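Given the structure is predicted, the values throughout are model-derived calculations rather than measurements.
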Amino acid sequence: MDIYGLLQIVLLLLSVLLTTKPLGTYLYRVFETPAPPLGGFFGPLERIIYRIAGADPGKEQNWREYAVSLLLFSAVSIAVSFAIFMAQGLLPLNDKGMGGMGADLAFNAAVSFVTNTNWQSYAGEAAVTNLTQMLILTWQNFVSAAAGIGAALALCRGLTRRQADGASDALGNFWVDLVRGCLYVFLPFCIIYTLVLVSQGVVQTLASQVAVTGVEGSVQNIALGPVASQEAIKMFGTNGGGFFNANSAHPFENPTPLTNFLQMFSIFVIPAALTYTFGLMAGDKKQGWVLFASMMVLFVAGTTALYRAEAGPNPALSGIETSGAGNMEGKEVRFGIASSSLFAAITTSASCGAVNSMHDSFTPLGGLVPLTNILLGEVIFGGVGAGLYGMLIFVLLAVFIAGLMVGRTPEYLGKKIEAREIKLTVLYILIFPMFVLGFAAVSSVTAMGISSLSNHGPHGISQILYAYASATGNNGSAFAGLNANTTWWNLSMAAAMLAGRFGMILPVLALAGSMAPKRIVPTTSGTFPTGGATFVFLLLGVIVIVGALTFFPALTLGPVLEHFLAGEGRLF
């Protein structure tokens, strides 16, 4: 581990910490006050959108109405995206003459971007036109991220609102959360972010390619497109789909050390800030900092383990004298081991999916960390919105366990956690492993699954497990050694993405609806405090133990076994 790598990690963590409070305050004012910042500029446009959509911004919705609005909007988005993917060969801005996608791939791609997963079973520059990149991919990056924030805010309102607010079981308005998220959060920040990226050399043009004559006289067509505008929202909205197949390892997407740092920083900035927003909504900032601290401890632990694994000797080269430079396989020489390890830890902690190195080429223990980050439930900051509501689910479970210890009904923020809430909490936690392990098991023993592997043995198990973890966790990154563009993989991955998004949002909204009308009970000496270090340790223990009990056997058969076999000279 070198000093420059450590300094980069420390600088990133300090940057995230310093922006958490101001951005969290800004988000609170956008979503929880009647007069949001920049209202004088975006307010008229916001009101026009409500009139066109026929939405009443003054009417709050209960959890069922909120869920129906979210599901209907997402269903229409999938249908429209599917149609455009299929018909893109007939649409303009297609000077490469690309045809439409096959039905199974088009469905997979449509589901992927609507669920904020951005898994790509295709090479973006070779399979998607510039019009589709802008009309579907970039657009969905905005609205799917805003929908995720809305779901998190609905749960926060259910946990923090008091009866005196007159809110009853109301959780806000999905259409207001969606519009405000796009207009006041993503749009202004991404305009500035795009200009910064362009200044650093990220491509932004409507031309789809340029012919270049090489030094040997041969002509090569180099793909171009509106990259910077998509890059900004894919990072800021924790989406992750790359304009190019190489994603953020491509120099047109990520040309300089500054863009590399900004991309990592922008992945974390909103998920971190939302913890402070929650503290403001709860009327107790300590509650937000507890969530932030828990996320940060998990992130630092994972990053340290990943960096040490990649900077150390490759177990497959045991007994062979090497330069001591660590494992550079699959990494961009511009970024090196430190930046590649940090990027991998961030993108899998935050449900983003963008990569600047190939995780398939990491050492077994190095690859174990990104996989574990996803399998813990994408709560280490997580995606915009999804990370917050995922962490709050574990908070309720931790509070319940604490209540069992002292023999009284558990409470959180003055509201009792009863049987219905615990059932919904457990349902949320079980959906994720059910689809990850269920689909992974089928793909590990059937020809339709195994035929797509580039490696067999424990490394092949890691590829399969990572793919379904990434899909169900709505992460979108891949081990990069799996051919997922087959009927089985396209459809099963789409099912996993749908379950990981909507199958988990519905219990969250139902939980919010159950908690919203509860009355506040007075704090007593028997109330378990949730605003200090003790609760941080309890929360971390619950997350790690649940994750280990669920996935450790599968991880043992994959990266753990591969590590020991590699030390004996066996490769896969």
Side-chain angles (χ1 to χ4, degrees), residues 63 66-67 70 116 147-160 171 271 274-275 277-279 281-282 287-288 290-295 298 349-351 373-404 410-413 415-436 469 472-475 499-516 518 528 530 535-536 538-551:
W63 81 265
Y66 200 102
L70 189 153
N116 201 244
I149 290 180
L153 291 172
L155 178 58
C156 293
R157 292 168 186 143
L159 293 173
T160 61
L171 301 173
L274 281 171
T275 62
T277 303
F278 173 72
M281 295 174 70
Q287 301 297 332
V290 162
L291 302 184
F292 180 90
S294 302
M295 293 173 174
L298 289 171
S349 294
S351 184
N373 287 344
I374 302 174
L375 292 177
L376 287 179
E378 296 282 30
V379 297
I380 311 174
F381 293 104
V384 288
L388 178 59
Y389 66 66
M391 181 60 85
L392 287 173
I393 290 292
F394 279 104
V395 166
L396 296 182
L397 183 59
V399 168
F400 173 70
I401 293 173
L404 292 179
E411 305 159 11
Y412 185 57
L413 302 180
K415 295 187 177 185
K416 290 185 178 293
I417 311 299
E418 298 174 297
R420 173 177 168 80
E421 291 78 47
I422 293 303
K423 290 177 182 178
L424 291 169
T425 298
V426 172
L427 175 61
Y428 176 96
I429 292 173
L430 289 178
I431 287 173
F432 181 65
M434 180 174 68
F435 280 87
V436 173
T472 313
N474 299 138
N475 181 277
R501 179 71 164 184
F502 305 114
M504 298 174 78
I505 278 182
L506 287 177
V508 165
L509 294 178
L511 180 59
S514 181
M515 292 293 293
K518 287 180 179 285
F528 186 81
T530 58
F535 188 69
V536 171
L538 176 62
L539 179 58
L540 291 173
V542 169
I543 293 170
V544 172
I545 290 172
V546 169
L549 291 175
T550 307
F551 294 108

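- The aromatic rings of Phe381 and Phe292 sit perpendicular, their planes meeting at an angle over 60°, well past the 30° parallel limit.
- Taking Thr530 as the reference, Gln287 meet the side chain to side chain donor-acceptor pair (under 3.5 Å) condition, with sequence neighbours excluded.
- Closest heavy-atom contact between Thr160 and Ala282: CG2-CA, 3.6 Å.
- Qualifying salt bridge (Lys or Arg N to Asp or Glu O under 4.0 Å) partners for Lys416, counting only residues two or more places apart in sequence or in other chains: Glu411.
- Residues Lys518 and Glu421 are paired through a salt bridge, judged by an N-O separation under 4.0 Å between the basic side chain and the carboxylate.
- Taken from CG in Asn474 to CZ in Phe432, the straight-line distance is 9.0 Å, to the nearest 0.5 Å.
- Here the OG-CG distance, from Ser349 to Leu298, works out to 8.5 Å after rounding to the nearest 0.5 Å.
- Listed by chain and number, the residues in a side chain to side chain donor-acceptor pair (under 3.5 Å) with Asn475 are Glu378, Ser477 (sequence neighbours excluded).
- For Tyr66, the side chain to side chain donor-acceptor pair (under 3.5 Å) criterion is met by Asp177, not counting sequence neighbours.
- Relative orientation of the Tyr389 and Tyr428 rings is perpendicular, given thresholds of 30° and 60° on the angle between their planes.
- A distance-only check finds no donor-acceptor pair linking the side chain of Thr472 to the backbone of Gly500 [under 3.5 Å].
- Of all non-hydrogen atoms in Cys156 and Leu388, the two that sit nearest each other are SG-CD2, 3.6 Å.
- Atom-to-atom distance recorded for Ile429:CD1 and Leu397:CG is 4.5 Å, nearest 0.5 angstrom.
- To the nearest 0.5 Å, atoms OG1 (Thr425) and CG (Leu396) are separated by 5.0 Å.
- To the nearest 0.5 Å, atom CG of residue Leu511 and atom NZ of residue Lys423 are 13.5 Å apart.
- Side-chain atoms of Lys415 come within 3.5 Å of backbone N or O of Ala516 as a donor-acceptor pair.
- Under a 3.5 Å cut-off, the side chain of Ser514 and the backbone N or O of Ala510 do not form any donor-acceptor pair.
- The minimum heavy-atom distance between Phe535 and Val290, with the atom names listed, is CD2-CG1, 3.8 Å.
- Taking each heavy atom of Pro507 and Leu427 in turn, the nearest pair found is CG-CD2, 3.9 Å.
- When all heavy atoms of Ala151 and Val508 are compared, the closest pair comes out as O-CG1, 4.2 Å.
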Exercise for the section: Evaluate the side chain to side chain contact (heavy atoms under 4.5 Å, CB included) criterion for residues Val399 and Phe528: first the C-alpha distance (whole Å), next the side-chain angles of each, then the deciding distance (0.1 Å), finally the verdict. Expected result: CA-CA 8 Å; Val399 168; Phe528 186 81; 5.7 Å; no
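- Smallest separation of non-hydrogen atoms from Thr550 and Pro433: CG2-CB, 3.3 Å.
- Atoms OG1 and CZ, from Thr275 and Phe278 in turn, are 10.0 Å apart once rounded to the nearest 0.5 Å.
- Qualifying side-chain contact (heavy atoms from CB on, under 4.5 Å) partners for Val379, counting only residues two or more places apart in sequence or in other chains: Met391, Phe394, Ile543.
- With sequence neighbours excluded, the residues that form a side-chain contact (heavy atoms from CB on, under 4.5 Å) with Leu506 are Ala67, Leu71.
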